[in-house]
Amino acid sequence: MAATGSVPWQPQEEGLKEICGLLEEQISPSSSADKSQIWKQLQHYSQFPDFNNYLVFILARAEGKSVEIRQVAGLLLKNNLRTAYKIMAPAHQQYIKSELLPCLGAADKHIRSTVGNIITVVVQLGGIVVWPELLQAFVNCLDSNDINHMEGAMDALSKICEDIPQLLDSDVPGLAERPINIFLTRLFQFFQSPHASLRKLSLGSVNQYIMLMPSALYTSMDKYLNGLFGLANDPAAEVRKLVCAAFVQLIEVCPSVLEPHMKNVIEYMLEVNKDTDAEVALEACEFWSAYCDAQLPPAILREYLPRLIPVLLSNMIYADDDESLIESEEDESLPDKDQDLKPRFHTSRFHGSEDAEDDDDDSFNIWNLRKCSAAALDVLSNVFGDEILQTLMPIIQSKLAASGDEAWKDREAAVLALGAVGEGCINGLYAHLSEIVAFLIPLLDDKFPLIRSISCWTLSRFSKYIVQDSGHQKGYEQFDATLMGLLRRILDTNKRVQEAACSAFATLEEEAAEELAPRLEVILQHLMCAFGKYQRRNLRIVYDAIGTLADAVGGELNQPVYLEILMPPLIAKWHQVPNSDKDLFPLLECFTSIAQALGTGFSQFAPPVFQRCINIIQSQQLAKVDPVSAGVQYDKEFIVCALDLLSGLTEGLGSGIESLVSQSNLRDLLLQCCMDDDASDVRQSAFALLGDLARVCPVHLHPRLSEFLDIAAKQLNTPKIKETISVANNACWAIGELAIKVRQEISPIVMSVVLCLVPILQHAEQGLNKSLVENSAITLGRLAWVCPDLVSPHMEHFMQSWCIALSKIRDDVEKEDAFRGLCAMVRANPSGALSSLVFMCKAIASWHEIRSVELHNEVCQVLNGYKQMLRNGAWDQCMSALEPPVKDKLSKYQV
C-alpha cells in the first residue's frame, strides 16, 4: 500500500479492488467463503498505516458500489478508529476528517448516519479543538435549507449531544462563545421545521442538556418552554414522547422553571397519558412519580387527582401485546430456557446495623405502561394517603364487580390497584382489612392465572397487618386462611403463579416469624413438594422461601419431624449440582440460613457441607491462575457463597466447628481470600468469616495471626475507603473480635489500627457508613481494653468523637467491651479525658442499662474519680452543661 509524502493521499486501484471484494464477500448471504477467514484478512490489512484511508475513501467516494458495501466500510472504520485513532499519523487523521465532512449531506440516509457515528468517535477521541472545520461544517449544513445537509449535520450533532454533551458546553480556544451557545438558537428554530426528523433530532439534542443545565439553556428557558408547548401536539409520536421526557427531566432537575406553568403542564400530561401510542403514554406517566419526588407542593396536583386516578387505572389493564399474557400460559412441565433465567447476584456478608436492602429485582422484567401506572399510584398513595380512596375505591369496586370472562383484565387491574395503595392508604383501608382479605382469598383460586398471581402479590402487600391482627380468634383465622391460600398456590401448575405465590409467601414469613411455628409441618410439606416439581427459574425462589423460613423460625426448625421433611431433598440436590454450576449459589445461601437456624442441630449434616465449601474455594483459587488444570472457569461468586456458608456454619455450630477447622487447610485458604486484591466482595466475606472464627476457635488462626492482623489493618488504611466501605467494616469488626481473644498479642498492630480508626470517627458526621463508624468505635474500645498502656497516651485526640459515636450504639455485649476499654484508659490516663468529660458523660448516659454488674461498678468508679478530682465547683460546672435527662441517667452511677 502507498506511503504518503507531501502529495495528497490517493488509493491504489489494486488495493481498492481487493478490499471492496473482501467487504462484498463479508456481507453477501450467498457467498460460500469462510467469514472468519475474511475477517482475519481484514484484520491483517488493519496493520497497514493507510488501511483506514481506503475505508473512508470507499465510504465517501465509491459511488459505483452498493450502499451496503460503503456502509460496512464505514462501520469497520468506526471500530478501527476506536483503537487506532490516537496513534495514527496526523496526515492520515487529517485525510479521514476531510473526507467525512462533505458526506454530511450525502444523498443516502444510511451513509449520512454512518458518517455521524464516525464523527462522534473522532470527536470523542480527539476533541473539538483540533477540528475547527467541524463546527463550521455543522453551521453551514444547518443553515443550508437543503434537507439532506440539515439532516446529516443534525444527526451527527445529536449523537455528540447524546454521547459527550459536556464537550459542546466547554470553552474552545479561538471561539468567542461555547459551541452550545452557537447551536441552541438553531436547535430551537428546528422545533418549527416542517420535517419531523429535524424536530425530533433537535428536541432530543436539547433534552440531553437538561441534566447539565448550561447557562445558555438556563437563560433561554422561556424559549425552550415555548418550543415544548409548540410541539405538545406534534403529529409525530416520537416528538410527543420527547416533549414528555423533557417535562419529566425538568421537574427532576429544575422544578422551579416549571412552577409558573405547572397547571398547563399537568393538564397536558393528563391528556398525553391517554395517548394512543403506548410509548408516549409511558413517558407521560413517569411525570407523576417525578412530581412527587421533586417535593413540590401537593396542593397543585391534588385538584387533578379525580381525573388522574381513572387514567392510571385504565392504563393498569393488561395491553393485548403484553408479554406477560403469553408467559402466563406456560405450564410447569415446560423446562425453562436459559434466557428465562435472571442473572442473580449474591450479596456478601456484612457485619453491622446497615444491611443492604433487597430491591425487588424487577430490572429483568420489561418496564411498561401498566407497571409505571401502578408505581405512580403507589407514590401518589404515599403522598396523599387516604385522600385518594374516595376517587379510587368506587372504580376498584365497579371493576371487581364486572363479571364474565371478557372482563377478567378489569378485575385483575383492580386487584393490582388495591395492592399498589396497600401501604400508602393503609389507615383508610385498615378498617376494611377483613373484607379485603375475605375478598382476595377466593381470587387465589380464580380460573385466570394472572388473577391468581396478582392476588398473591396484593395479599403480600397487606401481610404485615394480617400478621398484626392474628392475636385474636378472628384475626388468626384470617392469617391462617392467607397462609394456606398461598401454600395452595405455591403448588399451582402455572409457572407465573408459582413465582408470585412463593415470593408472597417469603414476605409473609418475614412478617410472621415465630407465628409460623404451629404450621411448620404443613409449610415444609408444601415447600418441599414445590422443590420437587419446579423448573430451574422458580426453584431459586423456593430456595429463598426455605431460607427465609429458617431465618424466621430459627431453632423451632430443630426437630426430627421437620428435618426429615426438609433435609433429604436438599441433600439429594446438593449431590446432584456440580461445583461449577451457578444453580449452586441459591442452594449454598439456603444452607447458610438453615445452618444458622439449626445451630448445633446442623452438626449431623456439617462435615460434607464444610468439606465441599473448602473444595469450591480451593478449585476456584486454582482456576484463577490455571483454569485448565482446575477444570472450571474462575468465578469469584463461588468463593463468596462458600465463605458465607462457612460463616453460617461457624455461627450455627459455635465451637463445634473446631474439629472441622483443625482437620482442614481453611486457615491458609482464608488468608489468601483476605489478600485478594482483585475482588472486594471476596475480601468482604473473608473478613466476616475471620471475625466469626475469631469468636469460636481463635487457636486455629494463631499460626498466621500476625499476617491476618496486618492484612486486616491494611483495609482500614486506604485512601479509597469509601469505595470498599463494606470490606473496611468487616475487617474492623474482625480486628476487634481477634483483640479480645488474643489480648496482648495484638499489640504490634494496635497503634497503626488506632491511627486509621480515629479519622473515621472524626469524619462520622460527613455521611460515612453508620455501621463502619459503630464498628470503629467498638474496635477502638476493645483495643484500649486489651492494651490500655498503648492507647491511653493518645486519648485526648479522639475522646470527643469516640464518645459521640459510642452514645449512638444500642446496648449489647460489643458496647460493653468498648466501655471496658474506656474505663481502662481513664484508669491509665485520667487527665486525657478531662477536656471531653461532657461527651463521656453523654456516652455513659446512652446506656439503657449496663447488665454486667462488674462494668456498672467500673463506670461508677470512673465518674466518682472525676467528681473527687474536679474541686472548687469544676464538677458542678461540668454537670450544668448536661441536659436534665442525661443528668437523671447519671444518677444511677451514684454521682
Side-chain angles (χ1 to χ4, degrees), residues 694-695 733 735-744 746-747 750 754 757 761 774-796 798-895:
R695 285 175 135 171
W733 172 77
I735 291 169
E737 290 294 341
L738 281 165
I740 54 176
K741 285 293 196 287
V742 303
R743 314 293 298 181
Q744 287 299 314
I746 201 127
S747 55
V750 164
V754 169
L757 296 179
L761 296 171
E774 281 185 12
N775 275 321
S776 299
I778 287 162
T779 295
L780 181 58
R782 286 172 156 178
L783 294 174
W785 178 30
V786 297
C787 298
D789 46 331
L790 292 178
V791 184
S792 62
H794 309 277
M795 276 165 79
E796 58 209 63
F798 59 74
M799 204 64 194
Q800 182 176 326
S801 52
W802 182 45
C803 287
I804 292 172
L806 287 176
S807 61
K808 294 179 180 170
I809 298 174
R810 63 179 183 280
D811 292 13
D812 64 10
V813 259
E814 295 186 343
K815 184 168 175 171
E816 283 186 8
D817 286 350
F819 273 77
R820 290 192 176 94
L822 180 91
C823 297
M825 278 202 291
V826 168
R827 279 197 299 275
N829 178 14
S831 61
L834 272 177
S835 60
S836 313
L837 197 54
V838 170
F839 294 96
M840 188 173 93
C841 289
K842 286 181 181 175
I844 291 170
S846 72
W847 278 97
H848 187 63
E849 169 193 12
I850 299 180
R851 295 217 169 154
S852 155
V853 180
E854 164 216 3
L855 178 61
H856 180 91
N857 295 339
E858 278 189 55
V859 172
C860 290
Q861 283 166 10
V862 164
L863 285 172
N864 282 297
Y866 279 116
K867 188 174 180 179
Q868 283 155 20
M869 189 170 152
L870 297 171
R871 302 190 174 271
N872 307 330
W875 173 258
D876 295 331
Q877 197 183 340
C878 171
M879 288 295 106
S880 66
L882 299 171
E883 296 87 7
V886 174
K887 271 193 255 187
D888 292 348
K889 288 253 182 106
L890 291 181
S891 61
K892 60 172 101 164
Y893 302 103
Q894 293 111 42
V895 284

Handout entry: E814/E774 under side-chain contact (heavy atoms from CB on, under 4.5 Å): CA gap, chis, key distance, verdict
Key = CA-CA 10 Å; E814 295 186 343; E774 281 185 12; over 6 Å; no

Exercise for the section: Check step by step if side-chain contact (heavy atoms from CB on, under 4.5 Å) holds for L783 and L790. Expected result: CA-CA 9 Å; L783 294 174; L790 292 178; over 6 Å; no

Handout entry: Salt-bridge criterion met for E737 and R782 (N-O under 4.0 Å)
Key = yes

Practice task
May I ask you to test the K842-V838 pair for a side-chain heavy-atom distance under 4.5 Å?
Solution key: yes

Fill in the blank from the handout: Residues A843 and C803: closest non-hydrogen pair is CB-O, 3.6 Å

Table please: side-chain donor-acceptor pairs of residues 825-836 below 3.5 Å, with sequence neighbours left out.
from	atom 1	to	atom 2	distance (Å)
R827	NH1	E858	OE1	3.1
N829	OD1	S831	OG	3.2
N829	OD1	G832	N	3.3
N829	ND2	S792	O	2.9

Exercise for the section: Report the distance from atom CD1 of I844 to atom OG of S807, rounding to the nearest 0.5 Å. Expected result: 11.0 Å

Fill in the blank from the handout: Between the CG atom in L863 and the CE atom in M840, the distance rounded to the nearest 0.5 Å is 5.5 Å

Practice task
Calculate, to the nearest 0.5 Å, the distance between atoms CG and CG belonging to N857 and N864 respectively.
Solution key: 11.0 Å

Handout entry: Closest heavy-atom pair and its distance - C787, V750
Key = SG-CG2, 3.9 Å

Exercise for the section: State which residues pass ring pair (Phe, Tyr, Trp, His ring centres under 6.0 Å) with Y893; sequence neighbours excluded, sorted by chain then number. Expected result: H856

May I have the list of side-chain donor-acceptor pairs in residues 872-892 shorter than 3.5 Å, sequence neighbours left out?
from	atom 1	to	atom 2	distance (Å)
S880	OG	Q877	O	2.6
K889	NZ	A845	O	3.4
S891	OG	D888	O	2.4
K892	NZ	H848	O	3.0

Handout entry: Partners meeting side-chain hydrogen bond (donor to acceptor under 3.5 Å, both in side chains) with K815 (sequence neighbours left out)
Key = S846

Exercise for the section: Look at atom CZ of R743 and say whether more than 12 heavy atoms of other residues, nucleotides or ligands are closer to it than 6.0 Å. Expected result: yes

Handout entry: Residue pairs passing the ring pair (Phe, Tyr, Trp, His ring centres under 6.0 Å) test where at least one lies in residues 803-847, sequence neighbours excluded
Key = F819-W847

Exercise for the section: Taking the side chain as every heavy atom from C-beta outward, state whether R820 and D817 have any pair of such atoms under 4.5 Å apart. Expected result: yes

Practice task
Would you name the heavy atoms of A784 and V791 that are closest together and state the gap between them?
Solution key: CA-CG2, 4.0 Å

Problem - Euclidean distance, L780 CG relative to W802 CH2, rounded to 0.5 Å - result: 5.5 Å

Exercise for the section: Please examine the side chains of E796 and H794, heavy atoms only from C-beta on, and report whether any two atoms are closer than 4.5 Å. Expected result: no

Practice task
Any chance you could measure S776, atom OG, to L757, atom CG, to the nearest 0.5 Å?
Solution key: 5.0 Å

Exercise for the section: State the OH-CD distance between Y866 and Q861, to the nearest 0.5 angstrom. Expected result: 13.5 Å

Handout entry: Donor-acceptor pair, side chain of W785 and main chain of L822, under 3.5 angstrom
Key = no

Practice task
Compare every heavy atom of A777 with every heavy atom of L806, then report the nearest pair and how far apart it is.
Solution key: CD2-CB, 4.1 Å

